[in-house]
2 protein chains.
Amino acid sequence: MKSVSSSQQSKPTLKDVAEAAGVSIMTVSNALHNKPGVKAETRKKVLAVARRMNYSSNPSAKMLRSGRSDIIEVIVGSFDNPFYSRLASALSDEIERNGREALLRETHYDRRGEENALSEPFSLFCDGVIIVTPLLSSEKIKQIALHKPVVLHEMPSDDNVFDTVNLANEDGAADAIRHLHAKGCRNIAVIGSSHLGPEDMLLSLNNPGTLRYRGCFRAFSELGLTMSQDTAFDCGWDAHSGREAAERMLASDIAFDGAFCLTDSVALGVLQTLRRHNIRVPEDFKVIGFDGISMGADVSPALTTIEPDYRETARALVTDLLSRIDGSTAAPRKTIVGYTITERESA
Amino acid sequence: MKSVSSSQQSKPTLKDVAEAAGVSIMTVSNALHNKPGVKAETRKKVLAVARRMNYSSNPSAKMLRSGRSDIIEVIVGSFDNPFYSRLASALSDEIERNGREALLRETHYDRRGEENALSEPFSLFCDGVIIVTPLLSSEKIKQIALHKPVVLHEMPSDDNVFDTVNLANEDGAADAIRHLHAKGCRNIAVIGSSHLGPEDMLLSLNNPGTLRYRGCFRAFSELGLTMSQDTAFDCGWDAHSGREAAERMLASDIAFDGAFCLTDSVALGVLQTLRRHNIRVPEDFKVIGFDGISMGADVSPALTTIEPDYRETARALVTDLLSRIDGSTAAPRKTIVGYTITERESA
DNA sequence: ATGAAAGCGCTAACAC
DNA sequence: GTGTTAGCGCTTTCAT
C-alpha cells in the first residue's frame, strides 16, 4: 500500500458516497449517470453528496467492467514536427467533438526494439487507435489491430485491410507545378524525397513521395515541359535537407526560376539558402511547398503551399474509427482529402 | 456485449494462457513478469504459449488491482504551438527514459465549461500529471491535485503548494538586451505582452511576461539606457501580434535599430513586417527572440534566441513528479532552468 | 424506485 | 516452485 501522502486523501468510491448519502451503491451510480428510475429528490441528494466528497469515478474499474473507455489513442511520429502537430491538434478537436477523449503518444523510431515483446508497446485500454506516423512497421500495426480497430493516415493502399485516409498527393503536386507555371516560371525544380514515408513502403508505388513526384510528371508533360534527373533534387523531408538540395540546385547549369518543394519544411530550408545567395523571392525565384503547416503563414517570405484540409482529414479518420468501434465490418474505406492552394508571398 | 467484429478475436486473458500452458494463472503472471520462483523451463513454455496466443495484459485490470498505471499525463495548451510541441516532445522522451508511458492531452480554452462537473475532465488513471498549459484555472489544478500528484511549468510561485519549474525569464530577457547592445544596438525596442501567461495570474508579479519585462528594465539601466512607454510595444504572444506591434514600432519617432521579442513567435511576425518594409536584418535592424522553438533555425533569417534548456526542464518536471508519486512530502521545489543564447542570423 | 449479487482480469498474500 | 483465495471499483442483471 502506498503511504498516505501529503495532500491526497484516498479517493472516495461509489461505496463511500452511497454510505454518506444513505442509499445503495447502485442508486448512486444511476443518479450520477442520469439513468432513469431514480427519484428526482434522491438524485439531487446524491449529486450533492458526491460533489461535496469530490467523488469521481475510477476509470480503470469502469473500463474493466464495461469493456470500453471512450478514449481514442492517436499515435504520431513526433510532436515537434509542424505537420504532425497541426494534424494532432485537429484530431484532438474532432475526437472531443464526438464525445470521446483523445490521448496522444509520440513514437520514436523503434528505439526500444523488441527487448520485451510481451510488454504492451501501446496503451491498450483505448477503444481504437489512429495512426498517423510512418515510424510504425506494418507488422506492429497488425499486432495492434488484433485487439482493437485501427485507422491509418498516409499509408500505401497496397494492402486492403485498414480504413485509410490520404492526402491528395498526386493532384496537389500537379497543381503546385501548374501554379508555378501560371506565375511565369519556366525552369521549375522539384525538391524533395521520392521515398517520403514509412520505411517498409519504400518500394511501394503509393508512398506519398512517389505520388507527389508522379503528380509533377503529369503536370510537366501537360505543360509541355520536361522533368528529368537534372530538374529533380532528391533529399530528405526536413529543412536541413532542403538547404543542401538548394545548394545543389544553385550549382546546376540550369537557371531555375522556381521550385516545388515536396514538404513545407524542405521549402523553409530552400528559402534560407536562397536568401543566403541573395536571391529574391518571389521576384527572382518562386517557391511553393506542400503541407500547409501553420508556421508557413509566419515566415518571411510567407510560404505559398498546397494545404490539405486538416479538418476533413481528422473528420474522416475519426468517423471511420468510430464506425469500426461500433462493429462495422464494411470493406475498408479509402479516403482522399481535399486541399487548397494557399497563396502567400513566396509564389 | 459487443458483437464479434471482423478481425478482432476476443482478447486472451491470463486464464486462457494458463489453461493452454497447463499451469496456474499465477505461474503465468509470475513468468511474464520475470518474478523469481518460476522454473526456467516452465517460464519458457509459458512465454511461448503467451506469445503464440498474442497475449497482452489488460491494463485496466492491472491498474485497478495495483493502484498504479506507470502512465504519466502531460497536459499542454495546444499541440500546434512550436513552444509546447518542443516541450511535449522533450517530456515524452524523458518519461519513457524513466520507464513510464507518456500520455498527452490538449486542453482547449475551457470550451466545455462546467456542463458536467462530475464527469472527470481529465483521465484519472495516470499516476501523476504534468501541467504545461496556462489554460487551466488554478481551481481546476487544485481539483486534479486532490487525487494525484501534480507538477507545474511556468506558473507563478505565489502559492507555494506545487513543485514548479520555470524558465529563467528575468535573466534571459536581460541577456537578450545585453546581446543586442553588444551587437551595437542603441535604440532597442521591447515587443511582447506583459501578461504572457495564465489568465488568473494577470495580476501576479511573477507571470512570465512581467518577469521578462523586469529583466529588460534591469539590463537597460545597467547599460545606461532607458526603457519607457515609447520603447516597449505591448502585444499578444503570437506572430500576428508581432506583425502589428512592429508596424507601431516603425511608425514611432524613434529610429530603432533592434528589438527583443518576448517570444519567438512574436519575433517571426516582426521579421515579416521588417521584410515588407524592406528593412534588412541584421544589417539595418537586429532581432532576438525568446523560447528557442525548433523552427527558429529554419526561418529566414535564422532567429537568434534565448533558448531554454528543454531537456533540463523535462528532467526537472519528471524528477519532481516521480518523487511525489513515490510519496515525497518535502516542501514544494521551485526550479529555474538554464538557457543559452543561441546566436543565428537575426542578431 | 431501489437494492443485492456476480464478476470483469489482474495481483498481493499466503498456503502447499 | 506452484496453486488458492480474496478483492480492487465498477456495471450488468435480476430481485424486490
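Because the structure is a prediction, the values reported are computed rather than measured. The figures here come from the full heavy-atom set of this structure, side chains too, leaving out hydrogens, waters and symmetry mates. Naming convention: chains lettered A, B, ... in sequence-line order (proteins, then strands); numbering from 1 in each chain.
- The listed nucleotides are D:dT2, C:dA1, C:dG3; the one nearest the side chain of A:V23 is C:dG3.
- Side chain of A:H153 to main chain of A:I131: no donor-acceptor pair is present (N/O by atom type, distance under 3.5 Å, no hydrogens or angles).
- At whole-Å resolution of the value, NZ in B:K62 and C1' in C:dC8 are 16 Å apart.
- Candidate nucleotides C:dC10, C:dG3, D:dC8 were compared by shortest atom distance to the side chain of A:T27, and C:dG3 ranks first.
- For the pair B:K35 and C:dA12, the criterion of a side-chain N or O lying under 4.0 Å from OP1 or OP2 is met.
- Mapping B:G37 and B:R65 onto DNA chain D by nearest heavy atom places B:G37 at the nucleotide closer to the 5' end.
- For B:S29 and C:dT11, the shortest distance from a side-chain N or O to OP1 or OP2 is below 4.0 Å.
- In this structure, CG of A:N58 is placed 10 Å from P of D:dT11, rounded to the nearest angstrom.
- The interatomic distance linking A:M63 (CE) with C:dC8 (C1') rounds to 13 Å, in whole Å.
- For the OP1/OP2 pair of D:dT11 and a distance below 4.0 Å, the side-chain nitrogens and oxygens of A:S66 include no atom meeting the criterion.
- The CE atom of B:M26 sits 15 Å away from the P atom of C:dA15 (whole-angstrom rounding).
- Separation of atoms CE (A:M53) and CG (B:L146) is listed at 12.0 Å; rounding is to 0.5 Å.
- Atoms CD and CZ, from A:E73 and A:R105 in turn, are 5.5 Å apart once rounded to the nearest 0.5 Å.
- For an aromatic pair to be called close, the ring centres must be under 6.0 Å apart, and A:Y84 with A:F79 fails this.
- At a threshold of 4.0 angstrom between heavy atoms, the contacts of B:T42 are confined to the sugar-phosphate backbone, with no base atom among them.
- Judged by distance alone, the side chain of B:D320 and the main-chain N or O of B:D163 form no donor-acceptor pair under 3.5 Å.
- The CD1-P distance, from B:I25 to C:dG9, rounds to 10 Å in whole Å.
- Between the CG atom of A:L64 and the P atom of C:dA6 there is a distance of 18 Å, rounded to whole Å.
- The separation between B:H33 atom NE2 and C:dC10 atom C1' is 9 Å, rounded to whole Å.
- Nucleotide C:dG3 holds its P atom 13 Å from the CG atom of A:L14, rounded to whole Å.
- If you check every strand for non-hydrogen atoms under 4.0 Å, B:T13 touches sugar and phosphate atoms only.
- For D:dG9, the OP1/OP2 oxygens have no side-chain nitrogen or oxygen of A:Y55 closer than 4.0 Å.
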